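So the structure is just underneath, and the comments pick up after that.
Keep in mind that what you see is a predicted model, and the values were worked out from it rather than measured. Note on naming: letters A, B, ... go to the chains in the order of the sequence lines (proteins, then strands), and numbering restarts at 1 for each one.
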Amino acid sequence: MTDPIKAHGKEANETDEAIGRERTAWERIDAIETDESKAYFSRELLIWYDRSKRDLPWRRHRDPYFIWVSEIMLQQTRVDTVIPYFHRFIERFPTIRELAEAPQEDVVKMWEGLGYYSRARNLQAAAQQIVELHDGQMPSEREHVFALKGVGPYTAGAILSIAFNRPEPAVDGNVMRVLSRYFLIEDDIAKPKTRIGMEKIIPGLIPEGRASDFNQALMELGALICTPKSPHCLICPVMEHCRGRIEGMERDLPVKTKAKKPRPEQRLAVLLEGAGEREGRVLVRRRPRTGLLAGMWELPHIAADSAPEAQDLGLEVGQLEELLEDLGLSWSPMSPYMTAEHTFSHIHWTMRVLTAREQPEVLAQLAAESGVPYEVAVPEAAAEALEADEAGTGAEVEWRWIAEADMREIAFPNLFLNILNRYFGEAKQS
DNA sequence: AATACGGGGTC
DNA sequence: GACCCAGTATT
C-alpha cells in the first residue's frame, strides 16, 4: 500500500530522530486514534450543529439534484451570494432532465453574474450524462459521481455524504481551516497533498450514520465560528481540545502560500449607438467559446498599451476604429464615456469606454460607392482584427445590435452588465 | 505542480 | 489593498 502521507511520515522520521525533529502532523493525528480528542471533536461538533445549523434552501430537502446544484454554485462563492441564484435556477430547471434539455444559453443566462461560467456549462453537460447513463437520477456510487463533468474530489464527497449519507470526505477551504487549527497541521493548504491528507483523517472522525450532518457541521463551523481572520474560539464547541488555540496559533493557521497578484491590462471599448433602423440599439459581440468569459457577450474592445493616465489615445482609438470600419460601419467622433475597473482572479482590467453614434447615411453612401451592401455581416477583416486582439480565433465571433430588452436573453459578464445598465438607464432619462 | 477561471464580501 | 470563499480542469 502506497500511502503518500504515511510513507512521507516514516521517511521523515528516520532522519528526524537524528535531527531531533518531531514527527509529522499526519503521523501524530494517526497515532491519537484512541485519544479522547477525536471522539470529543465529532461529538461536540454534531451537538453544536444540531442546535446551530442555518436554514439554507438546499437543506430543506434531501434531493441529490438540489444538493448538487448548490455545491456547484458554492464553489469559490459565498452562501449569501448563492441563495438567490439557487432559487431562480431551481425554479427554471426543476429537474435534472429539464436542465439537460434546456438551451445552453438559458443555463448560462441563469448563471450571469455568478462567475466561473464553465461551472454552468459543465453542470448542464453532467445533467445530460445523468440522463443518458443513469436514467435522470443522480448516481450514488463514488466512481459515477466523480465521473460527472465539473465534479471533483470535494463535490463528489459532498454529494455522496450530504445526499446519500455515505462516509466520504468532503474537504473544502472551511474543512482545511478547521482541521489545520484543531489538529495543529502546519502543512500548506494550497498544496493538493495537504487536502489528500485531510481526506484520510475524515472517515475516522465521522460517527456511525452521521456522514451527512458531520461534513456539513465541519463546513458550518468553518463558516460561522472558525473564520479565517479572527476565529471565535470563545464560543467554539470544540475549543477545549483545539491544539491551534491551545498553542496560541489559531490566527497563524492555516498556512497558505499567497496568490499572485492579477496582471494589469489596459483595454479600450466602444459603446456604439445605432441610428436609423438601429436606433436605440448598441453594438455587442460574442466572445469565443473557450477561455476567459467563454461565449459571453460584451462591448467590442481591444488591448491598449497606454497607461490609464495617458490622455493621448490617438493610436489606439485608431485601432478601435479599424475594427468598426471592418464591419462596414461609420460613426460620429468618439468621446470618453467612462472608465471601469474589473478584477478577475488573474487579470485586472482598466477598461476605458468611448462612445460614438452610428451614421448610417454616410454608411449608405459608402456602401453605394464600394458596392458593399448595407447590412454587412462580419467580413474576414474584422475576424483578423479580433485575432490580432488575441480575443480568440476571431473566426467564430458573432455581432449583434441589441436593445435594452435583449439583455434579458443573452448573458454578459458583470463588467459589461454594469456599463450597459448605466447606458440604457441614462438613455431612458433623456 | 502550476495556472486559468469570476465576482464579491470583509477586515 | 489583501485575503478568501462549500474548487475544477487543463497543462
Side-chain angles (χ1 to χ4, degrees), chain A residues 4 53-54 56-59 66-86 108 111-123 125-126 145-159 161-163 169-178 188-196 198-199 212 215-224 226-231 251 254-264 287-288 290-296 298 340-349 411-418:
Chain A
K53 67 181 170 198
R54 289 169 291 180
L56 300 175
W58 44 91
R59 283 187 179 154
F66 295 173
I67 307 288
W68 172 41
V69 170
S70 74
E71 290 300 340
I72 300 295
M73 286 187 170
L74 286 161
Q75 289 169 9
Q76 299 295 288
T77 311
R78 289 202 157 56
V79 166
D80 290 342
T81 306
V82 164
I83 289 174
Y85 280 92
F86 178 81
V108 174
W111 214 267
E112 182 181 66
L114 204 49
Y116 286 143
Y117 299 98
S118 66
R119 290 186 294 176
R121 294 189 300 274
N122 286 335
L123 189 66
V145 175
F146 199 77
L148 298 174
K149 298 250 190 274
V151 174
Y154 164 73
T155 307
I159 293 171
S161 63
I162 298 174
V171 177
D172 70 340
N174 283 314
V175 173
M176 289 199 280
R177 187 170 59 252
V178 170
D188 184 352
I189 65 165
K191 301 200 178 307
K193 205 183 260 188
T194 306
R195 192 205 74 233
I196 293 171
M198 306 255 181
E199 287 172 347
S212 177
N215 277 346
Q216 293 185 80
L218 214 40
M219 294 187 272
E220 195 84 338
L221 189 73
L224 300 181
C226 199
T227 49
K229 296 292 182 187
S230 49
R251 283 165 180 271
V255 174
K256 187 180 183 185
T257 55
K258 290 188 218 223
K260 282 195 312 185
K261 269 215 291 212
R263 68 171 185 273
R287 296 183 62 86
T290 58
L292 184 67
L293 302 169
M296 307 209 51
E298 65 179 8
E341 306 278 343
H342 193 74
T343 308
F344 304 95
S345 27
H346 55 308
I347 306 172
H348 178 86
W349 273 354
F412 291 88
N414 265 10
L415 169 62
F416 297 104
L417 216 46
N418 293 337

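- You'll find the side chain of A:Y116 stays beyond 4.5 Å of the side chain of A:N122, heavy atoms only.
- Residue A:V151 is in sugar-phosphate contact alone, with no base atom involved, counting any heavy-atom pair closer than 4.0 Å across all strands shown.
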Protein N or O to nucleotides 4-6 of chain B N or O, pairs below 3.5 Å:
residue, atom, partner, partner atom, Å
B:dC5, OP1, A:L292, N, 3.1
B:dC5, OP2, A:H346, NE2, 2.7
B:dC5, N3, A:Y116, OH, 3.4
B:dG6, OP1, A:Y117, N, 3.2
B:dG6, OP2, A:L293, N, 2.5
B:dG6, O4', A:Y116, N, 2.9
B:dG6, N7, A:Y116, OH, 3.3
B:dG6, N7, A:S345, OG, 3.4
B:dG6, O6, A:Y116, OH, 3.1
B:dG6, N1, A:Q76, O, 3.0
B:dG6, N2, A:Q76, O, 3.2
B:dG6, N2, A:T77, OG1, 2.9
B:dG6, N2, A:L114, O, 3.4

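- Within 4.0 Å of A:R251, counting heavy atoms only, lies no atom of the nucleic acid at all.
- For the pair A:T194 (side chain) and A:P192 (backbone), a donor-acceptor distance under 3.5 Å is absent.
- If you check every strand for non-hydrogen atoms under 4.0 Å, A:R177 touches sugar and phosphate atoms only.
- Residues passing the side chain to side chain donor-acceptor pair (under 3.5 Å) test with A:S212, sequence neighbours excluded: A:R62, A:Q216.
- Going from the P atom of C:dA6 to that of B:dC11 covers 13 Å, rounded to whole Å.
- The distance from the NE2 atom of A:H342 to the CD1 atom of A:I347 is 10.0 Å, given to the nearest 0.5 Å.
- Here the side chain of A:R177 pairs a donor or acceptor atom with the backbone of A:C226 at under 3.5 angstrom.
- Across all strands shown, A:I189 has no heavy atoms under 4.0 Å from either base or sugar-phosphate atoms.
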Distances under 3.5 Å only, N/O to N/O: pair up the protein atoms with those of nucleotides 9-11 of chain B.
none

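- When the side chain to side chain donor-acceptor pair (under 3.5 Å) test is applied to A:R78, no partner is found at least two apart in sequence or on another chain.
- Looking at heavy atoms from C-beta onward, A:L114 lies in side-chain contact with A:R119 at the 4.5 angstrom threshold.
- Side-chain contact, A:E71 with A:Y154: a donor N or O sits under 3.5 Å from an acceptor N or O.
- Comparing the P positions of C:dT11 and B:dG6 gives a spacing of 15 Å, expressed to the nearest Å.
- Between chain A and DNA chain C, the heavy-atom contact criterion of under 4.0 Å yields a 5' to 3' nucleotide range of C:dA2 to C:dA9.
- Between A:P254 and A:N122, the one whose closest nucleotide on DNA chain C sits nearer the 5' end is A:P254.
- Residues passing the side chain to side chain contact (heavy atoms under 4.5 Å, CB included) test with A:P264: none are found, sequence neighbours excluded.
- Using a 4.5 Å heavy-atom threshold, the side chains of A:V79 and A:F86 count as separate.
- Checked by atom type and distance alone, the side chain of A:R287 never pairs as donor or acceptor with a backbone atom of A:E298 at under 3.5 Å.
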